[in-house]
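Single-structure report; data block below.
Whatever order the structure lists them in is the order used to number ligands and atoms, beginning at 1. Because the structure is predicted, anything quoted here is derived from the model rather than measured. Quick note: residue numbers are just sequence positions, from 1.
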Amino acid sequence: MASRAVEGGAIAPAPRRYPPGVRPPSVDALARQIAGVGLPHPLLVDAARAAIAAGDPSSARAIAESAARALLRPVVNATGVLLHTNLGRAPLTPPRPGGEPALRWSNLELDLTSGRRGSRSRHAAALLARLTGAQGALIVNNGAAAVLLAVSALGAGRPVLVSRGELVEIGGGFRIPEVLACSGAHLVEVGTTNRTHLHDYRAALEAVDPALVLKVHQSNYKMVGFTSAVAVAELASLGPPVVVDLGSGLLDATTPWLDGGPPAWLAGEPAARQTLAAGAALVTFSGDKLLGGPQAGILAGRADLVERCARHPLARAMRPGALVLGCLQEVALAYLRRDADSIPFWRMATASLEALRARALALAVGDPVDCASVAGAGSLPGLQIPSAGVALDGDHTGPLRAFDPPVIARVANGRTIADLRTVDPADDKVLAAALASCT
Ligand SMILES: *Cc1c(COP(=O)(O)O)cnc(C)c1O
């Protein structure tokens, strides 16, 4: 609303509400009066103009404040959704105040040994290939880009087999049939919605000569009952390269970075390393789901296929910059060190219930309650992680969002629940103050 008002201000018609003879205040004077909002002057001018156009100069400050609130800023995630798409999915550790700047220049494409031009695939991508047991890897802007690039580079102009049970929409308009249409590949549907068998793929192979078989993780929906799908190892026996869109990006099903092994809530989630070992030629996954890194998409697998993807013109349009590659490299190094504690997603996902309960008590506001967190971002649908937090009677989510910093909580059964699993312990004091302001 507010940003529309400001945008509208720039092209607003002449003010109408001022009686004849009454001059509206000067835009510039009004903009200077609200300088305390802290926005750059041109944005204050926009707010002043919008307020004057609306016939209510006194609203200028509120318009400017809501424009300021629309800017990106840190929030406290008390929703219990670890990968909350509205909150930027995987939490990343912000650079320490007063610490080193995140990046100045870097050897992004410089080979420091030879002094010649290097490759963007030498750092984060090489480490992710190492982690997944792949011959090579390529990083693009997000998971959707990784899938589009893979089918464009490897399948354009040729048939691509996909099970009817995997023609999914992931959300945000990402629909497998449309992605295939975009890529120029010809979708060949195999099997039925609930059951697809190896012989369905074999029958398709007799009719067409596919560039690849695409297998897609169903992510945010689950089929139960009379269902069957074909495992990657069986698909690999068919002949054409098997490309698997894993989506959530669990690196290794044995979770060597976790002391206690894989937690129960990971049950059955396919992982990059095991999918490649089972015979997939290429896997794609997101950087900011279960990998716990920045928004990115990863393609990993056979060197020749990764190379074909890297040489496709779309790859240039999808390449991330040094900020993302630098972040992803840090995450990859943490996995290699088996240091889950420095990956905020895994640190939060595996915090013990006892520790969360103790923090809930220590907040000394609201009622300590047990609750359930979820992975989110379409990962692990229906699976819950036991958690703890505090509850307040009534719906306080509006005032909590208005708090500085904003606190995002949820409502269940008429109570506001703040789930501590997704809250950084360093934010407990802020959370307690926000909750106390509601009581
Ligand atoms: C999430 C997801 C995508 C899209 O990845 P983004 O990183 O959100 O672009 C594609 N495929 C599957 C199976 C997914 O789960």
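- Across all their heavy atoms, Leu110 and Arg116 have their closest contact at CD1-O, 3.4 Å.
- For the pair Val216 and ligand 1, the shortest N or O to N or O distance does not fall below 3.5 Å.
- Of all atoms in ligand 1, numbered sequentially from 1 with element shown, those under 4.0 Å from a heavy atom of Ser286 are 5 (O), 6 (P), 7 (O).
- No part of Glu169 comes within 4.0 Å of ligand 1, judged by heavy-atom distances.
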**OP:** I would like to know whether Gln384 and Ser373 meet side chain to side chain donor-acceptor pair (under 3.5 Å); could you show each step before the answer?
**Re:** CA-CA 6 Å; Gln384 298 191 324; Ser373 309; over 6 Å; no
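- At a 4.0 Å cut-off, not a single heavy atom of Gln295 sits close enough to ligand 1 to count as contact.
- The nearest heavy-atom contact from the protein to atom 15 (O) of ligand 1 is Ser219 OG, 2.4 Å.
- For Ser152 and Ser183, the side-chain atoms include no donor-acceptor pair closer than 3.5 Å.
- Between Leu131 and Asp252 there is no side-chain heavy-atom pair separated by less than 4.5 Å.
- Ligand-side atoms of ligand 1 in range of Arg89: 6 (P), 7 (O), 8 (O), range being under 4.0 angstrom from any heavy atom.
- Residue Lys289 approaches ligand 1 through these ligand atoms, each under 4.0 Å from one of its heavy atoms: 1 (C), 2 (C), 3 (C), 5 (O), 14 (C), 15 (O).
- Shown in contact with Asn142 at under 4.0 Å from a heavy atom are these atoms of ligand 1, numbered in order with element: 7 (O), 9 (O).
- In terms of polar-atom proximity, Asp245 is counted as a contact of ligand 1, with an N or O under 3.5 Å from an N or O of the ligand.
- Within the 4.5 Å cutoff, no side-chain heavy atoms of Trp265 are placed close to those of Val374.
- The backbone N or O of Glu166 sits nowhere less than 3.5 Å from a side-chain atom of Gln218 that would complete a donor-acceptor pair.
- With contacts defined as side-chain heavy-atom distances shorter than 4.5 Å, the pair Pro270/Leu250 does not qualify.
- Inclusion of Ala144 in the set of residues having an N or O under 3.5 Å from an N or O of ligand 1 is warranted.
- Within the structure, ligand 1 lacks Glu166 among the residues with a heavy atom less than 4.0 angstrom away.
- Checking each of Leu251, Asp339, Asp341 against Trp257 for a side-chain contact (heavy atoms from CB on, under 4.5 Å) leaves exactly one that passes, namely Leu251.
- Nearest residue to atom 6 (P) of ligand 1 from Gly247, Ala145, Gly143 is Gly143 (criterion: closest heavy atom).
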